[in-house]
Undergrad: 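Sending over a structure as structure tokens; questions will come in a sec.
Chain letters run A, B, ... following the sequence lines, proteins first, then strands; residues in each count from 1.
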Amino acid sequence: MTTMTIAKAINEGLRATLSNNPRSLLMGEDIGPLGGVYRVTDGLIAEFGADRVVDTPLAESGIIGTAIGLALRGYQPVCEIQFDGFVFPGFNQITTQLAKMHSRSNGNLTVPVVIRIPYGGGIGSIEHHSESPEALFAHTAGLRIITPSNPHDAYWMIQQAVDCQDPVIVFEPKRRYWLKGEVDTASPGTAADPFKAHVLREGTDATVVVYGPLVPVALAAANAAAEDGHSVEVIDLRSISPIDFDTVTESVKKTGRLIVAHEAPTFGGIGGEIAARVSERAFHSLEAPVIRVGGFHMPYPVAKVEEDYLPDIDRILEALDRALAY
Amino acid sequence: MTTMTIAKAINEGLRATLSNNPRSLLMGEDIGPLGGVYRVTDGLIAEFGADRVVDTPLAESGIIGTAIGLALRGYQPVCEIQFDGFVFPGFNQITTQLAKMHSRSNGNLTVPVVIRIPYGGGIGSIEHHSESPEALFAHTAGLRIITPSNPHDAYWMIQQAVDCQDPVIVFEPKRRYWLKGEVDTASPGTAADPFKAHVLREGTDATVVVYGPLVPVALAAANAAAEDGHSVEVIDLRSISPIDFDTVTESVKKTGRLIVAHEAPTFGGIGGEIAARVSERAFHSLEAPVIRVGGFHMPYPVAKVEEDYLPDIDRILEALDRALAY
Amino acid sequence: MGATHLPATEFDGIEMDDRLEAEAEAQLGDPAGPMVQLLGPDGTPGADPVFSEYAERLDAEKLRGFYADMAAIRRFDQEATALQRQGQLALWVPLTGQEAAQIGSGRASQPQDYIFPTYREHGVALTRNVDLAELLRQFRGVSNGGWNPKDTNFHLYTLVLAAQTPHAVGYAMGIQRDQKLAAAAAAADQTPEPKAAVLVYFGDGASSEGDVHESMVFASSYNAPVVFFCQNNHWAISVPTSVQTRIPLSNRAKGYGFPGIRVDGNDVIAVHAVTEWALEHAREGKGPVLIEAFTYRVGAHTTADDPTKYRESAEEARWRAKDPLERLEKYLRAEGLADDAFFEQVRTAGDELAAYVRKTTYDLETPDIRTAFANTYVEAHPLVAEELAWFEEYSAGFADEAKADQAISDGTAHP
Amino acid sequence: MGATHLPATEFDGIEMDDRLEAEAEAQLGDPAGPMVQLLGPDGTPGADPVFSEYAERLDAEKLRGFYADMAAIRRFDQEATALQRQGQLALWVPLTGQEAAQIGSGRASQPQDYIFPTYREHGVALTRNVDLAELLRQFRGVSNGGWNPKDTNFHLYTLVLAAQTPHAVGYAMGIQRDQKLAAAAAAADQTPEPKAAVLVYFGDGASSEGDVHESMVFASSYNAPVVFFCQNNHWAISVPTSVQTRIPLSNRAKGYGFPGIRVDGNDVIAVHAVTEWALEHAREGKGPVLIEAFTYRVGAHTTADDPTKYRESAEEARWRAKDPLERLEKYLRAEGLADDAFFEQVRTAGDELAAYVRKTTYDLETPDIRTAFANTYVEAHPLVAEELAWFEEYSAGFADEAKADQAISDGTAHP
Ligand SMILES: Cc1ncc(C[n+]2csc(CCOP(=O)(O)OP(=O)(O)O)c2C)c(N)n1
Ligand SMILES: Cc1ncc(C[n+]2csc(CCOP(=O)(O)OP(=O)(O)O)c2C)c(N)n1
Ligand SMILES: [Mg+2]
Ligand SMILES: [Mg+2]
């Protein structure tokens, strides 16, 4: 067990991958000598050289597109997209090519490309640096999407993503990069399956489903609710595609109430999928409709008002109140 | 009143726009002498010239991007994307630029660009020619999305889209291009508001919400259900963003059951949004969970099996049975 | 203006506009600039200080082979068009007119090279030993990728224009890395793999897509062993090349600092020579090359297209006069390299190929959507499993219903 | 290989690789190829057959103005950096080193021209009379677009790299259409509008994005009045220009058939001359031009960046020796065009500007998320209305709570 930040855990996970897997390589803008704008790849070019840690031209479609070609040749590229808002020039390659290559080749070809995307707000940044576009990828079959919320998960999930033979997008909660926690580098333990949700806190009155940056927020909300006498179960989804509906449904059958929170706008967000499917699976158990907490239907607002935009403890508690009022 | 196909109605709508609005223009691949691969712009270049009906280089980002520039200069461009699966090279311009320009300029700038996209399957076509990517745009604030299901709506909605000061994506149900119907070119009548849902058939036992290509399918399913003694209300959503939740909720409060069907994959589709929001708004009225009927979580399959993939009358009836069984 | 001050173009900045106009106009007909040609439309051989050497390496058998390939693929094209008319194919994308560009370049590749086609490269497929019946699967709507690229190093067709170009560069970057590993292995006394390169096809229309640019940037930046092969067939569906560019497309290479060559795309000998040179160049680690094959799509864009809407038949006629097969036939006959018997034999082989294709198309398996469920992901996926389970139950319901209906009409139903 | 056979590059295909290598290496330091320069680093004037004419039009006042502008924007840059350090700005993007590229080009534009910057063009903003306090709004996190582009024809900053380039071309296509309408109006005896062009900025890094390519394709295809102004400041954050290109970026224009000019980006006179020429060229309907301003980002990429991670301070020092302000000062003094009093006055003006900026930054209004609700759409939108209503009620709840808490602590609460 070692204590480290999420950023460091990903760095160590990538180091382990590069060491163990000679056909893995990293690609992206500024990931070389700079070590990435968040220093997630710090020191790796010095250790593994410029053929394994590749500073690319500034072109996201080119990054994803060449990664696909490398994967076709038997390599396992891990691409870094510098910020959530800059993945869109690469959207075509991800959606029409990466996601479909295995299927359209009738299973003959695999393209185990990993795409790392720091995402989410709360860092007081400028435009395009605080977005949560996960739903825009979850709708596309062929992709897998995971998001760690703590250093131990981060260390293992990045390696599991590379090992997975399907393309995987790893959304990294950038405002939690400096969150510290214990990492067991010897064994993943309960983190063995990156596509399984984790019940982080048990409860009986309501379930709160969150992922990535909102996990600490939900835990804090559950603490606050406990003071008011409400027992709240908190689930860290971990995987956004596929979603571990078994774990969520089981919880809701017990608690009878579900709140789903994410930073992405509510309208058309992944919360709708969760609400719809859980409502179907646990119709008779639900004492209240699933309440969603998310961003408003607007472009991510300027830094000075992002607190009004982002789901926080109060917003989750307000949703809980509404759910309990049924 | 004139009888015409949907394709012809859009053609006439565009002709009316080009005639009435000197700052409107059309842009796209093959929309000139060829008249578009579906002949929707047939004859327009001859009538309005190459400055108003512009055959562009083959580059979707360039098409949307230059359309934004033209809009900033006071023009109203209507872009054609040749097929649903080919919108993705232009995704960045739509998502990060077109959708946000008004907001990021604090309301100083408007970019009333219209994007026409023939969408959906059922035409026995090859890859990338049968997709329904509407959910990937609906999640982004700043865009509006409408989809006509009949010639009268088509004639008016395309003109309303151009008149709207917000960017509008018009998804055109390509397998219905040859569907004929009456068009009143003198007055939109009940089609005056393109963002309002239409109740096409009244019923008491369940509501079926559809849009675009599935509207005739839902109506046929309702007919079949009537033979079995079930009274089904059918709603044509018409607008996918915003969604007219008032009309849908009112219907569900009456019928107590809701089925939402679309060709797009169910997972992460717009059906989830409808299910979630209606479940919240009409929780106590719902006798059954909202049942979604949609594509499977796979790339749109090859033509010879698309019948197994596409929601059809039987799939809607099966969902109805499930809803009625609660 | 002094030429020294505009190093970035060869145009004199002030007078360039008139020249550009004139040049652009000229290019709409025949190309204005020089273009590699080793076999004229009338079958007379040309000479070239560099590429003649490559042409001289071709013996009679090779040349007859080129002809046989071109004739075979044209015959195949006709058969596929016929199959489409008969409703056996949903769509067909004819290549007639582009045989020399495709056979010449495909035959210049080595087995270890990897090829990324777009969707019209049936001739290249032939040179890679792709079973042409498998190739029709896509157009019959039974598969999105009818063959296994690993068998032939011929990738699947890509329909999203230009999307395959960065794949090609990435693949070439992989070859570079493999060569370093192989060099290490060779030092350890193993036989080294033959050097390989990537050949990627795209059209004049597709050349406008951003992906082509990003690919060339990456290729140049990493000096990747990739040859960009642009078939300028004058049309992108209904849009003439002049909308995509006002100067020869081979010029695009100038922006990235690697060679760009315009070759007569209807001259199979020249195409072969230039491509062989370019692939050698790439394999030897000298970096990327752009080839523009100046050719013409004589038929429709696809069987769904109607060229009379956008071009004059006189233009088509002008290009038919430059037919790639006819000119090679003239040359072979004039040089005494092939006789009537040879051409008769080619015709018979073509008919046999057509018969084979017809038969195998009728026989092509009907797919099952369960394959699509199975191939969406490599690894197990709960949502796919859930939806498949629903589908099985749903389908079984119909089977039961059908059985029940049958039982009723048979009178064997229990009441 | 005969040069005639490679019309598409000026390189001899066979020997090109060594040359390319050598050239690329050379370019990493000083540019190898010719470059327009009218004022050397030591302040000595140069001559140019075309552009000297443009330089000669500049009188002493204009030249002093250039200096004053460059000094003002450098002073502003220092102040903004200081404000960021004090926590008054979330981030700052310094331009130091690029003053000549920005002031020279901005001052070459006419009021009727429309300008699309990227995010570092504070100097251009100054030439367009954008209130520099408004410009800081974005970096204070109170606005995504601090000024109204309609007031100044200076568009908002665009952070998605290269995304503004097609906007520029589209805008230029709009100008073309307006000019036709204006011509009709003029015929009807109205005063014609002055001819206009578009000037669009992007960096050496952004040049790799597909959008730049598609923009150049469109610009060339429609002969649009647009000038592409690439500030090659040698770095894209930590990535040197050599990763984006191995030859001068001005060569990109060769692929599209319009002029590409490399100019010394630290020479305000040359930049002004070249840009003036290019804008005239575009306004006159002669089509697009690409300008590569060869300059250097002397400071960090942003205040969040640490250049010591990726470059040697010796490189920075080498470029400081080519400082754009110093060389103009030398020239002005040597020619007797400005005296100590002038430079003193410039310094005072700079301090005043800094004081103004400091004060207005402190005073910048705190935004309200209700503005974001209001500006998402032009027309009424039920979802936005619903969410806003929820937000109002939710916020009112807090206000009530706060009031109640206050009442309790005030002892005025009713039990
Ligand atoms: C990204 C994208 N946009 C549009 C299309 C539709 N489309 C198919 S073929 C074609 C023309 C292609 O022209 P070109 O690249 O010259 O190739 P050719 O068909 O002439 O071989 C178009 C526009 C597509 N397949 N992909
Ligand atoms: C599409 C996109 N990808 C990545 C980024 C992140 N990013 C911001 S600035 C920058 C470097 C830009 O370099 P250059 O174009 O040379 O401009 P400069 O900063 O040197 O002025 C990068 C990678 C971005 N803003 N947009
Ligand atoms: Mg073509
Ligand atoms: Mg730069």
Undergrad: If you tally heavy-atom pairs under 4.5 Å against chain B, which of A:Pro301, A:Pro289, A:Gly90 wins?
TA: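 That would be A:Pro289.
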Undergrad: Would you mind telling me which of A:Phe88, A:Phe296, A:Phe283 has the largest number of heavy-atom pairs within less than 4.5 Å of chain B?
TA: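 The answer is A:Phe283.
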Undergrad: Can you tell me if CD on A:Glu250 sees more than 12 non-hydrogen neighbours from other groups inside 6.0 Å?
TA: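 Result for CD/A:Glu250: open.
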Undergrad: For residues B:Phe267 and A:Ile243, determine if any side-chain heavy atom of one lies less than 4.5 Å from a side-chain heavy atom of the other.
TA: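 They are in side-chain contact.
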Undergrad: Which bit of A:Glu287 is near chain B, if near means a heavy-atom gap under 4.5 Å: side chain, backbone, both or neither?
TA: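 Contact with chain B involves the backbone of A:Glu287 alone.
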Undergrad: At under 4.5 Å between heavy atoms, what parts of residues 317-326 of chain A are in contact with chain B? List them by residue number.
TA: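 Under the 4.5 Å heavy-atom cut-off, A:Arg322, A:Tyr326 qualify.
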Undergrad: Looking at A:Ala141 and B:Pro299, what are the two nearest heavy atoms and their distance?
TA: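 Closest approach of A:Ala141 to B:Pro299: CB-N, 4.1 Å.
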Undergrad: Which atoms of B:Glu60 are under 4.5 Å from chain A, going by heavy atoms: the side chain, the backbone, both sets, or neither?
TA: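 Looking at B:Glu60, nothing touches chain A.
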Undergrad: In the structure I gave you, are the side-chain heavy atoms of B:His139 and A:Pro133 within less than 4.5 Å of one another anywhere?
TA: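 SC-SC contact between B:His139 and A:Pro133 ruled out.
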Undergrad: Do the side chains of A:Leu136 and B:Phe91 get nearer than 4.5 Å, heavy atoms only?
TA: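 B:Phe91 vs A:Leu136: side chains touch.
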Undergrad: Heavy-atom pairs under 4.5 Å with chain B are the metric here; pick the option from A:Ala275, A:Pro89, A:Pro242 that has the most.
TA: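 Of A:Ala275, A:Pro89, A:Pro242, A:Pro89 has the most heavy-atom pairs under 4.5 Å with chain B.
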Undergrad: Relative to chain A, which segment of B:Glu131 carries a heavy atom at a distance below 4.5 Å: side chain, backbone, both, or neither?
TA: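 When you check distances to chain A, only side chain atoms of B:Glu131 fall under 4.5 Å.
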Undergrad: Check this for me: B:Gln165, atom CD, are more than 12 non-hydrogen atoms of other residues, nucleotides or ligands nearer than 6.0 Å?
TA: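 Correct, the count exceeds 12.
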Undergrad: Can you tell which part of A:Ser103 gets under 4.5 Å to a heavy atom of chain B, answering side chain, backbone, both or neither?
TA: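 Side chain only.
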Undergrad: If you count heavy-atom pairs under 4.5 Å between each of B:His128, B:Lys100, B:Met298, B:Arg292 and chain A, which one has the most?
TA: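 Counting heavy-atom pairs under 4.5 Å, the top option is B:Arg292.
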Undergrad: Based on non-hydrogen pairs under 4.5 Å, which of B:Gly271, B:Ala288, B:Ala264 is most in contact with chain A?
TA: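 Sorted descending by pairs with chain A, the first entry is B:Ala288.
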Undergrad: Contact part of A:Leu258 toward chain B, heavy-atom cut-off under 4.5 Å: side chain, backbone, both or neither?
TA: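 For A:Leu258, no heavy atom lies under 4.5 Å from chain B.
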Undergrad: Considering non-hydrogen atoms only, spot the tightest contact between A:Ala138 and B:His297 and give its length.
TA: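 Minimum heavy-atom contact is O-CE1, 3.9 Å.
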Undergrad: Should A:Arg277 and B:Thr266 count as side-chain neighbours, where that means a heavy-atom distance under 4.5 Å?
TA: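 In short, these two side chains touch, coming nearer than 4.5 Å.
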Undergrad: For chain A, find which of B:Ser61, B:Gly142, B:Gly295, B:Pro265 contributes the most heavy-atom pairs closer than 4.5 angstrom.
TA: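 With the most close heavy-atom pairs to chain A, the winner is B:Pro265.
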Undergrad: Do you know which of B:Thr96, B:Val87, B:Ile94, B:Val290 has the most heavy-atom pairs under 4.5 Å to chain A?
TA: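 Among the listed options, the one with the most contacts to chain A is B:Thr96.
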Undergrad: State, to 0.1 Å, how close A:Gly268 and B:Glu273 come at their nearest heavy-atom pair, and which atoms those are.
TA: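 Looking at all heavy atoms of both residues, the closest pair is N-OE1, 2.7 Å.
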